[in-house]
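In what follows, a structure is listed as structure tokens, so that the remarks can point back to it.
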Amino acid sequence: MSEFPLHKVPDNFQDAHINAEQYREMYRRSIDDPAAFWAEQAEQFLTWDKRWDRVVEADFTQGKAEWFGGGKLNVSVNCIDRHLPARADQTAFIWEGDDPADSKHIAYAELKDAVCRLANALRERGVKKGDRVCIYMPMIPEAAYAMLACARIGAIHSVVFGGFSPEALKDRILDSDCRTVITADEGLRGGKRVPLKANTDAALAHCPNVHTCLVVRRTGGDIAWQEGRDTWYHEATEGASTDCEPESMDAEDPLFILYTSGSTGKPKGVLHTTAGYLLQSALTFKYTFDYREGEVYWCTADVGWVTGHTYIVYGPLANGAISLMFEGVPTYPDAGRCWEVVDKHQVATFYTAPTAIRALHAVGDEPVKRASRASLRLLGTVGEPINPEAWEWYYTVVGDSRCPIVDTWWQTETGAHMITPLPGATDLKPGSASFPVFGVNLALLNEDGSEIEGPGAGYLVVKSPWPSQIRSVYGDHQRLIDTYFSAYPGYYFTGDGASRDEDGYYWITGRVDDVLNVSGHRMGTAEVESALVLHDKIAEAAVVGFPHDIKGQGIYCYVTPMAGVEPSDELRKELIDLCVKEIGPIAKPDVIQWAPGLPKTRSGKIMRRILRKIAENELENLGDTSTLADPTVVDHLVENRAS
Ligand code: 6R9
């Protein structure tokens, strides 16, 4: 399947936590008797206030799963307090600022104090178990404190990526009725300031239920202030006690909501709960990264995405690990930043997205070779398929051909890794996420829903429950059933296509629905289309993805102006600005093509297949256009294709 060679498990991973034989044995046990397997793991990885009564009860037709029912525990205790006897002085977070001169270490004892102070401050403002708290923050330690403080008092956090616009923030605050928002005056990324408080103010103008806005002073920049609602974070936490009684939570009490894009409608609030989420996060962190005590681990994701939740905060802390949090961007002050940071903090594991790898590859080897990278032991990728060329560069140049790469496939909805190599167990095939995690029961389906046996390609589905699975779409359980459990009844539908080779390796091919993956960020084509048609000069829009060297996918928009409207560069710019305003800079269209008409079937359905082919410049391969209401619109689109 790949022209690139197989990479065998290297000698320094022969004593890894899991070797090939253990993987096979544990995987078999996890599928044959999931309840026994996960009960063992739950004992090993988590500290409970009360043991569970039942390991798992699930019904995929109703989108239902209950793990460790009857059990009680607190996530912040599992991530902090229980490590204190042995690791009070050990670093929990290394924070590396945007400015290379800025960094600090936060020990587990300090983390406990900071989290408890904030938890008390929140309680003092009336925040209690079950309340939703929105976190709109830059990559600073307070973002993690905020998540853990919510977990401590049983509040449900909803982290909104700091790159989202006021519009997008407002929608998310309203959808889950968050009444408390935690933000900062400004963020700092690549030397540029991000106006987080100003964005929050704009959003909160439409959110009358928000009674408290806690503001971290990050840059000291000028901001507006609403007395009564706005409170400085440092003032609120200063006098607060460093002890805070944790709320003992039911295993199935919600831990967080995280919004993600689907093929239709507005983003969904993916709901995760307490015990199952934490267990699979903890287990996969330890085994996927073969984490060794005292090692420095660095995941470059933003806490606004699920990768930041599971693999900067919860997974590492549940293992008492040292997690590096980076405020900046990989190319600031220059393209050598990541490798400089690796040397500076002696990073052993580096986990990033293919888009970052491709961007750094494009700059050449010199910035990499400037650093020794001798501390690196393991590399990881996540977020989108990695092309084998980028994989090989990452392996040979960044990792000096001695660090295995774990290509981890999973989703916001799955909560934690689902398919990944284990560095001590799996011979690596560049571009393959390889094998399922323990307890993950996969299948590939044909169009008609029948299972493919052996090698083949089809829709990737999951056949049985797993602990960190999505529990609901916040406020709309039916949407959960419709989106994930209805396409093929009895299965969880991932939305991805995949193939399985003769050795059983999985190769993810990408989304099979109308979801784009732009620089590893998920976006529904429908979201971009809705933004475009908000413009009063626009009648209709259709958006598709096209291959992009760095971003993986770019955004290609076909836009039909209202009758009598002349397309112009100004209008194009207004449309681009509108997408940025409605969604955020990640939704900036790469191409806008004026389309007097869109290819539609006689029943009025837009034929995206044809639009995708035109965007991909596969003009010889447009397929059957005879069922179109007006086949000449295709000729027009082809002739006027934006290059
Ligand atoms: C963790 C995360 C999920 C979608 C997923 C798939 C793509 C993620 C991948 C990958 C190929 C990998 N994806 N990891 N595709 N190989 N290793 O990214 O969550 O933002 O919800 O995106 O990303 O298409 O369905 P999320």
Side-chain angles (χ1 to χ4, degrees), residues 2 159-161 163-164 256-263 267-272 277 280-281 284-285 288 299-312 314-315 351-358 379-388 390-391 394 405-421 426 428-437 440 442 457 459-462 468-470 473 483-484 487 492-499 505-525 527 545 551-553 586:
S2 162
V159 182
V160 176
F161 173 54
F164 275 127
F256 67 84
I257 299 164
L258 185 57
Y259 286 85
T260 193
S261 299
S263 48
K268 298 179 282 282
V270 170
L271 184 77
H272 281 290
Y277 169 79
Q280 195 165 333
S281 301
T284 50
F285 176 78
T288 302
C299 165
T300 68
D302 191 285
V303 290
W305 309 113
V306 74
T307 305
H309 283 59
T310 306
Y311 296 107
I312 293 178
Y314 292 119
Y351 186 35
T352 196
T355 187
I357 298 166
R358 288 190 297 265
L379 301 170
T381 81
V382 57
E384 41 172 335
I386 180 163
N387 45 313
W391 197 102
Y394 198 31
I405 297 176
V406 288
D407 174 355
T408 61
W409 177 87
W410 58 297
Q411 309 177 297
T412 305
E413 296 88 337
T414 71
H417 294 162
M418 297 291 275
I419 309 180
T420 178
T426 316
L428 305 172
K429 296 190 185 188
S432 168
S434 68
F435 300 118
V437 164
V440 174
L442 299 173
Y459 297 131
L460 180 65
V461 298
V462 188
S468 60
Q469 80 183 61
I470 177 174
V473 170
T483 312
Y484 306 103
Y492 165 84
F493 179 55
T494 63
D496 280 318
S499 65
Y505 281 68
Y506 282 87
W507 301 74
I508 311 297
T509 45
R511 302 292 302 196
V512 294
D513 52 10
D514 292 320
V515 172
L516 305 178
N517 193 326
V518 182
S519 299
H521 301 320
R522 258 170 85 168
M523 207 178 307
T525 53
E527 284 170 74
K551 300 202 253 185
Q553 269 190 316
I586 55 172

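Each ligand, and each atom within it, is numbered from 1 in the order the structure gives.
Note: Phe256 and His309 have tilted aromatic rings, judged against thresholds of 30 and 60 degrees for the angle between ring planes.
Checking side-chain atoms of Glu384 against main-chain N and O of Ser519 turns up no donor-acceptor pair under 3.5 Å.
Applying the ring pair (Phe, Tyr, Trp, His ring centres under 6.0 Å) test to Trp409 and every residue at least two apart in sequence or in another chain returns nothing. Partners of Tyr484 under the ring pair (Phe, Tyr, Trp, His ring centres under 6.0 Å) rule, at least two apart in sequence or in another chain, are Tyr492. With sequence neighbours excluded, the residues that form a side chain to side chain donor-acceptor pair (under 3.5 Å) with Thr310 are Tyr277.
Sorted by chain and number, the heavy-atom contacts of ligand 1 below 4.0 Å come from Val306, Thr307, Val382, Gly383, Glu384, Pro385, Asp407, Thr408, Trp409, Trp410, Gln411, Thr412, Asp496, Ile508, Arg511, Asn517, Arg522.
Between Ile405 and Thr381 there is a side-chain heavy-atom pair separated by less than 4.5 Å.
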